[in-house]
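Take a look at the structure set out below.
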Amino acid sequence: MPDRPLRADALRNRQRLLDAAVHTFSQAGAEVTLDRIAKEAGVGIGTLYRHFPTREALIEAAYRNELAKLCDAVPELLAALPAEAAVRAWMDRFVDYLATKRGMADALRLAIASGANPYAHSRDRLLAALGDLLAAGAAAGTVRADVAPADVLAGLSGVSLVAGEPDQRAQAGRLLDLLMDGLRHRPA
């Protein structure tokens, strides 16, 4: 049978399952029951298995969904904010994304042990998203044009290490402001 697009209600259920999986794996660990995830999503276990036939498939899809939310936010941010502000807003989202990834670490290790590779193409997607933001800022004349997305990504990754604990979020924000200050274009 050819693949058909999901109905709107099936798409909503899938998204609720992905959101519940991220939350539950982050809070309760990799061994949480799939029944608990289905209940948190407000669907039956059969619905979960229709979308994700294995625990590993759910873990991988949940991680990739978080990555997609982050990367796919770039056009929306650039449409809603000046380029420099869009870069800074994306930085906050990146820190949240890495905090979620850390919270799901045990579950992601379980998926990797089964042969899945949830990280395939992650770096490429992140570099492309960040590259688009930096290019928009450079075109607007507010962000330096001589900064490589990979260097900014490395800086963001370092800052996100600080943001692992809720009481350190304020420090992470200050560090992101410092990083952003270093990215600002300064006329010669």
CG of Leu70 to CG of Asn65, rounded to nearest 0.5 Å, is 11.5 Å
Exercise. Heavy atoms, side chains only, cut-off 4.5 Å: are Glu66 and Leu18 in contact?
Worked result: no
Across all chains, not counting sequence neighbours, the ring-ring contact (aromatic ring centres under 6.0 Å, His included) partners of Tyr63 are Tyr119
Nearest heavy-atom approach of Leu17 to Leu58 is O-CD1, 4.4 Å
Can Ser122 and Arg125 be said to form a side chain to side chain donor-acceptor pair (under 3.5 Å), step by step?
CA-CA 5 Å; Ser122 295; Arg125 288 209 62 199; over 6 Å; no
Taking every heavy atom of Val152 against every heavy atom of Leu134, the minimum-distance pair comes out as CG2-CD1, 4.0 Å
pair Leu98-Lys101: side-chain heavy atoms closer than 4.5 Å: yes
Tell me whether Asp9 is salt-bridged to Arg12, with the criterion being a basic N under 4.0 Å from an acidic carboxylate O. no
- request: Find out whether Asp96 and Lys69 are in side-chain contact, i.e. whether some heavy atom of one side chain is under 4.5 Å from a heavy atom of the other.
  value: no
Asn117 and Arg64 have their tightest heavy-atom pair at O-NH2, 2.8 Å
Tightest non-hydrogen contact, residues Ser26 and Met104, listed as OG-CG, 3.5 Å
In short, Arg55 meets Ala30 closest at the heavy-atom pair NH1-O, 2.8 Å
In short, Phe52 meets Ala57 closest at the heavy-atom pair CD2-O, 4.0 Å
Inset, instruction - Answer whether the closest heavy-atom distance between the side chains of Arg93 and Leu77 falls below 4.5 Å. - result: yes
message = Before you tell me yes or no, could you show the steps for Tyr49 and Leu34 under side chain to side chain contact (heavy atoms under 4.5 Å, CB included), namely the whole-Å CA-CA distance, both residues' side-chain angles and the distance that decides it to 0.1 Å?
response = CA-CA 9 Å; Tyr49 280 114; Leu34 295 182; 3.5 Å; yes
Count the heavy atoms belonging to other residues, nucleotides or ligands that lie under 6.0 Å from NZ of Lys39, then report whether that count exceeds 12.
no
**Message:** Closer than 3.5 angstrom, by distance alone: can the side chain of Arg16 be matched with the main-chain N or O of Gly42 as a donor-acceptor pair?
**Reply:** yes
Taking the side chain as C-beta and beyond, is there a heavy-atom pair between Val143 and Met180 under 4.5 Å? yes
Taking C-beta and beyond as the side chain, do Leu176 and Phe94 meet within less than 4.5 Å on heavy atoms?
no
Exercise. With side chains defined as the heavy atoms from C-beta onward, is the minimum distance between Leu175 and Gln171 less than 4.5 Å?
Worked result: yes
Checklist entry - Under a 4.5 Å cut-off applied to non-hydrogen side-chain atoms, are Arg123 and Leu153 in contact? => result yes
